[in-house]
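All values derive from a computational prediction rather than experimental measurement. No hydrogens, no waters, no symmetry mates; every other heavy atom, side chains included, goes into these values.
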Amino acid sequence: MDSDVTLAPMPCTDLVDMLPTHQTMKRFSLIRCALPLLVLTLAMPSLPSCGGAPDSARTAQRHLVRGDYEAASAAADRSIEKHPKDPTSWRVRIRSAMAQGELALAAQHYQEWKTLRGNHDRTTYRLMAVSTLWQGMQVPAPEIKARTIGLVARHNLEKLASEVRDALGDDSDLVAASAAVALMRSHPAAPHLATELLQSGSAKVRALVVTGIGKKIGRKALGDLVPALTDADPTVRRAAVSAIASWKHKKDSARLMAMAKGDSDGQVRSRALRGLLAKGGEGVVALAQASLDDAYPGAQLAGLALLEKFSEADAIARAKELVATKNVGLAMRSAVILYKHGGTPQNDVIANAFASADWASRSAAMNTAAEVMSDADAMAIAKRGLADVHEDVRIAAARLLIRLGEVEQGRGALAAALASNQLGPRLAAATELARLGDENAIALLGQLARSGNADQRKAALGAHKAAQVLSDGLVAALGDENIDVRLAAADALLAR
């Protein structure tokens, strides 16, 4: 969960009306693009204590701190000639290149340093990642700046707190809202600004603020969030329902029930029903029964879960009916309920789904088999799944085998998928294998992070983060020409 960016204690007033509004803050905000390059050194994290660093490395660092990047780079080069394995000298060389906008060169320097020392340097690649986020804060595009602020908050980077604080006065509602959410509990103006931005003309901004207030202020802000339940845009209503559903108070059951019954958006209804799982309330069983006929599949599944929670007998009775439905998701969940509460294997349900012409249904059979049948029968269906014509089904079957303890056979099937000519299956297989420490899979993710297609590179970086693995390609992506790719790389590295 995102946390507030830590700030030093600041004086605040008890008079909310004296806090600056969004408009007045704009007049006093800094023009970020006009800042001198010296700020890069000040905003970038300071180097670790030099300790036993040679004098030549200290000299290079002094140039860096003064903002003389060419001198810092030259001094670092001279220091490395004398002390080739000195980490401080290499970090100055890398950071000097980044400060001068030579991002690809900085990534190349890191690879040279990694090769020399024999393994990755966590301190250095994290310094590079934080510097990448600092640079993201300087990009004029609101979407990029807002995304960067979210990453700063997610990783709680105190070094960039002042940059986020300045963004409270940004001309863009999206950027200002991102900063207000990030600083909600640590800056006196942030809650007031967030409340003001609930009236923004952008639904994306309103949804962002609603989510932030719900997480960080909680039920104390109920009065501010109730109007969002009737917002014209469903994304805002979804955010409001999710916020209210996340609170532990049972007093909000009536509001959630009303949204589950009457909202026109299926996702809103589904989220409201899920929220009632922890709250209950009068009429919840009848609502759950009615939701099984909802037009939105997610609401049907949520209704069945709600029914199981508050009336097991009714859930079993309805599951017996629904297990034969053509809605595969509902049929599978019904099978799980019947096996869980009655112990009767649901082999026919799995067999019917696996016999479907729809590959998604066959994958669902693989994903559910272990929950509704004996291990031996699940193993048999998994082995049949390995021969399926669709790669996604074969990958699902491989996951099932691993879950059942047949790790080597499952890994073999995933390894075969690494050669797929489709990106989706390759990434899915590589992610699963990378989690298991497979070096070939990690190497493939690194290669895909250098792909000629930016979307493929971002997908590969997301897979690195999901599998919590490190590759040369991941660090090299900090030097990518695409800022979205660089931010994705920084996020994955800081998550380690």
Side-chain angles (χ1 to χ4, degrees), residues 257 260-261 266-278 280 283-390 392-406:
M257 290 181 72
K261 290 177 182 177
Q267 288 191 44
V268 170
R269 298 194 300 274
S270 176
R271 293 184 189 195
L273 289 164
R274 294 285 179 188
L276 287 166
L277 284 168
V284 71
V285 172
L287 173 62
Q289 291 273 22
S291 296
L292 295 177
D293 296 321
D294 195 292
Y296 183 67
Q300 295 173 348
L301 288 171
L304 188 56
L306 194 62
L307 192 62
E308 182 185 13
K309 176 72 178 288
F310 292 100
S311 180
E312 183 180 306
D314 285 335
I316 292 172
R318 292 305 304 271
K320 289 179 180 177
E321 302 170 9
L322 295 170
V323 77
T325 182
K326 293 182 179 179
N327 180 327
V328 176
L330 200 56
M332 291 297 164
R333 185 58 206 167
S334 297
V336 171
I337 288 174
L338 293 175
Y339 189 63
K340 177 181 175 182
H341 296 289
T344 304
Q346 300 295 307
N347 292 32
D348 289 346
V349 179
I350 298 299
N352 290 337
F354 187 64
S356 171
D358 175 34
W359 71 265
S361 296
R362 301 198 300 278
S363 288
M366 298 297 112
N367 294 334
T368 311
E371 298 181 72
V372 301
M373 58 202 312
S374 69
D375 285 356
D377 289 339
M379 188 80 71
I381 200 75
K383 290 180 178 180
R384 289 176 60 194
L386 291 180
D388 197 276
V389 296
H390 200 283
D392 289 285
V393 179
R394 298 199 296 272
I395 290 172
R399 290 194 191 103
L400 177 56
L401 285 170
I402 292 172
R403 179 177 178 179
L404 294 169
E406 289 290 335

Chemist: Show me the donor-acceptor pairs, under 3.5 Å and distance only, between side chains in residues 366-373 and residues at least two apart or in other chains.
Modeler:
unit_1, atom_1, unit_2, atom_2, d
Asn367, ND2, Ser363, O, 3.3
Thr368, OG1, Ala364, O, 2.8

Chemist: Could you tell me the separation between the CE atom of Met332 and the OG atom of Ser361, rounded to the nearest 0.5 Å?
Modeler: 7.0 Å

Chemist: Identify the two heavy atoms, one from Ala319 and one from Ile337, that lie closest to each other, and give their separation to 0.1 Å.
Modeler: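 Closest approach of Ala319 to Ile337: CB-CG2, 4.2 Å.
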
Chemist: Under 3.5 Å, which donor-acceptor pairs do the side chains of residues 298-307 form with other protein atoms, sequence neighbours left out?
Modeler:
unit_1, atom_1, unit_2, atom_2, d
Gln300, OE1, Asn327, ND2, 2.8
Gln300, NE2, Asp294, O, 2.6

Chemist: With rounding to the nearest 0.5 Å, note down the distance linking CD in Glu308 to CG in Asp314.
Modeler: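 So the gap between those two atoms works out to 12.0 Å.
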
Chemist: Do you know which two heavy atoms are closest between Arg394 and Leu386, and how far apart they sit?
Modeler: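 Result for this residue pair: CD-O, 3.1 Å.
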
Chemist: Return each pair, listed once, that meets ring pair (Phe, Tyr, Trp, His ring centres under 6.0 Å) where at least one residue sits in residues 284-325; pairs must be two or more places apart or across chains.
Modeler: none

Chemist: Less than 4.5 Å apart, side chain to side chain, heavy atoms only: is that true for Lys383 and Leu401?
Modeler: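 Heavy-atom side-chain distance check passes, below 4.5 Å.
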
Chemist: For residues 335-388, which residue pairs pass the ring pair (Phe, Tyr, Trp, His ring centres under 6.0 Å) check, not counting sequence neighbours?
Modeler: Trp359-His390

Chemist: Any chance you could measure Leu338, atom CG, to Leu322, atom CG, to the nearest 0.5 Å?
Modeler: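 The CG atom of Leu322 is 9.5 Å from CG of Leu338, to the nearest 0.5 Å.
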
Chemist: Does Met257 have any side chain to side chain contact (heavy atoms under 4.5 Å, CB included) partners at least two apart in sequence or in another chain, and if so, which?
Modeler: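 Applying side chain to side chain contact (heavy atoms under 4.5 Å, CB included) to Met257 gives Leu276, Leu287.
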
Chemist: Hey, does the side chain of Arg362 reach the backbone of Ala357 with a donor-acceptor pair shorter than 3.5 angstrom?
Modeler: yes

Chemist: Kindly give the heavy-atom pair with the smallest separation between Leu400 and Ala382, and that separation in Å.
Modeler: CD2-CB, 3.5 Å

Chemist: State, to 0.1 Å, how close Gly385 and Ala397 come at their nearest heavy-atom pair, and which atoms those are.
Modeler: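 The pair with the smallest heavy-atom distance is C-CB, 3.6 Å.
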
Chemist: Report the distance from atom NZ of Lys261 to atom OG of Ser291, rounding to the nearest 0.5 Å.
Modeler: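 Rounded to the nearest 0.5 Å, the NZ-OG separation comes to 9.5 Å.
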
Chemist: Return all side-chain donor-acceptor pairs below 3.5 angstrom for residues 343-350, not counting sequence neighbours, or 'none' if the list is empty.
Modeler:
unit_1, atom_1, unit_2, atom_2, d
Gln346, NE2, Thr344, O, 2.9
Asn347, ND2, Asp377, OD2, 2.9

